[in-house]
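Working notes, beginning with the structure itself.
Positions are given from 1, in the same order as the sequence printed here.
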Amino acid sequence: MSPALPDGDAAPGDGALPASVRDGAHDRALGVYLHVPFCTVRCGYCDFNTYTATELGGGASQASYASTALSEIALGARVLRDAGLPARAVSTVFVGGGTPTVLPARDLAAMLDGVRDAWGLAPDAEVTTEANPDSVTPESLAALAAAGFTRVSFGMQSAVPHVLATLERTHDPRRIPDVVRWAQDAGLRVSLDLIYGTPGESVGDWRASLDAVLATGVDHVSAYALVVETGTRMAVQVRRGELALPTEDDLAAKYELADELLTAAGLGWYEVSNWARTDADRCRHNLAYWRGDDWWGVGPGAHSHVGGVRWWNVKHPRAYADRLARGLSPAAGRETVADDAAQLERVMLGVRLAEGLRLGALSDAARGRVAGLVADGLVDGRAALGADGERRVLLTQRGRLLADAVVRTLTD
């Protein structure tokens, strides 16, 4: 079960945006997120807006999805133009899901071509697709690279079979080195995504997964603690006592181990859950989210943000396709981010970055609490004093483990 859409105001049928979105637009990059809501199997922990063929039934065709998405891309270009926003070539495209690579490479290429035709792509644009290790071939990866994709992010999750079984992942972990090599041979940058804290996963299991990642030589790794969302099959298993969640100490030990091994291998953290070998290997699309840039989200349930206005599309693929077929925006609701909420987001996202958050972005009261965070070992003292030229809130490793507590201290 995917989460309910947020509450908000009614979105206009034509998708029109208020004039306020023009303020500061020249200083914001434009990205595009393309949501592909299809999976061959739905994992028990997943609460994303995804569907298998059985769940969809008739009327929501994977075969026609690319052309439906192209309709929203055209609408998006028209809405931004009519709002008086400056022409901006798209700097990042991210295709997520679901499993985007259940669609043929030609469909993903067609959607990228639609973005290129509607807005233009910056010469150095980053174009990423997510993929499952069992959903690609050397030929499909080469086709994506030829179409203009520059990165692939594989959902590896674990190298340990019993952990993958608990997560209901279907791929063979022995396939990981092969898919990484195929992608690299095609000229794509590669990221491997991991999950730690799966019920039954030992620290030894987690180390084995990290060792397997490092053996591939990839230049980007994401590692997220498993969150068991209400309404998922795994949540039911936990409630029944069939699965036991790890302790906070176990999660902390696994994060520290990941940071230790990845750092020793030459990958530095640039966001609490992300490590890259160089600045060029960082995921620029995600950085745009964390820095508050503009993005248009295409697809059922996709969220967008332009100039402080946020909106979200209807969730079901059939409802999404129907609205576009009738010439309507697929937006189900929207909100204008108020000053207090914008400040909370600025702090919450900014402190997660290795570049830190400028002290000048904080209120006077919050700046007065930074010294206490330094004393508690959560914030780097040299950065807070401006030893590198600008006073910043920069999390220590302990601070990364307690990032939510730091945010509360700086926003309460």
Mind checking whether Leu108 and Phe149 have side chains closer than 4.5 Å, heavy atoms only?
-> yes
Please report the shortest heavy-atom distance between Gly299 and Tyr320, naming the atom on each side.
-> N-OH, 3.3 Å
Do the charged groups of Arg189 and Glu126 touch, with an N to O distance under 4.0 Å?
-> no
Compare every heavy atom of Arg392 with every heavy atom of Leu359, then report the nearest pair and how far apart it is.
-> CD1-C, 3.3 Å
Heavy-atom closest contact (Ala159 atom, Ala212 atom, distance) = CB-CB, 3.7 Å
Verify whether one side chain among Asp259 and Gln397 offers a donor that lies under 3.5 Å from an acceptor in the other.
-> yes
Is there side-chain contact between Trp311 and Leu17, with at least one heavy-atom pair below 4.5 Å?
-> yes
To the nearest 0.5 Å, tell me how far Ile195 CD1 sits from Glu201 CD.
-> 9.5 Å
Note: Asp322-Arg318 ion pair, threshold 4.0 Å (strictly below) = no
Indicate yes or no: at least one non-hydrogen side-chain atom of His303 is less than 4.5 angstrom from one of Tyr33.
-> no
Any side-chain heavy-atom pair of Cys43 and Leu167 under 4.5 Å = no
Using 30° and 60° as the class limits, which term best fits the ring planes of Trp296 and Trp119: parallel, tilted or perpendicular?
-> tilted
Answer yes if the side chains of His220 and Tyr270 hold a donor-acceptor pair under 3.5 Å, and no otherwise.
-> yes
Within-4.5 Å side-chain heavy-atom neighbours: Pro37 and Tyr65 | yes
Are Arg323 and Val314 side-chain neighbours, meaning at least one heavy-atom pair lies under 4.5 Å?
-> yes
Establish, for the pair Arg400 and Trp269, whether the NZ or CZ atom is under 6.0 angstrom from the six-membered ring centre and no further than 45 degrees off its axis.
-> yes
What one should report as the nearest heavy-atom pair of Thr50 and Gly97 is CG2-C, 3.7 Å
Give the minimum heavy-atom separation between Pro18 and Val309, together with the two atoms involved.
-> CG-CG2, 3.8 Å
Are Asp250 and Lys254 within salt-bridge range, i.e. N to O under 4.0 Å?
-> yes
Worked check of side chain to side chain donor-acceptor pair (under 3.5 Å) between Ser222 and Asn274 | CA-CA 5 Å; Ser222 299; Asn274 290 271; 2.5 Å; yes
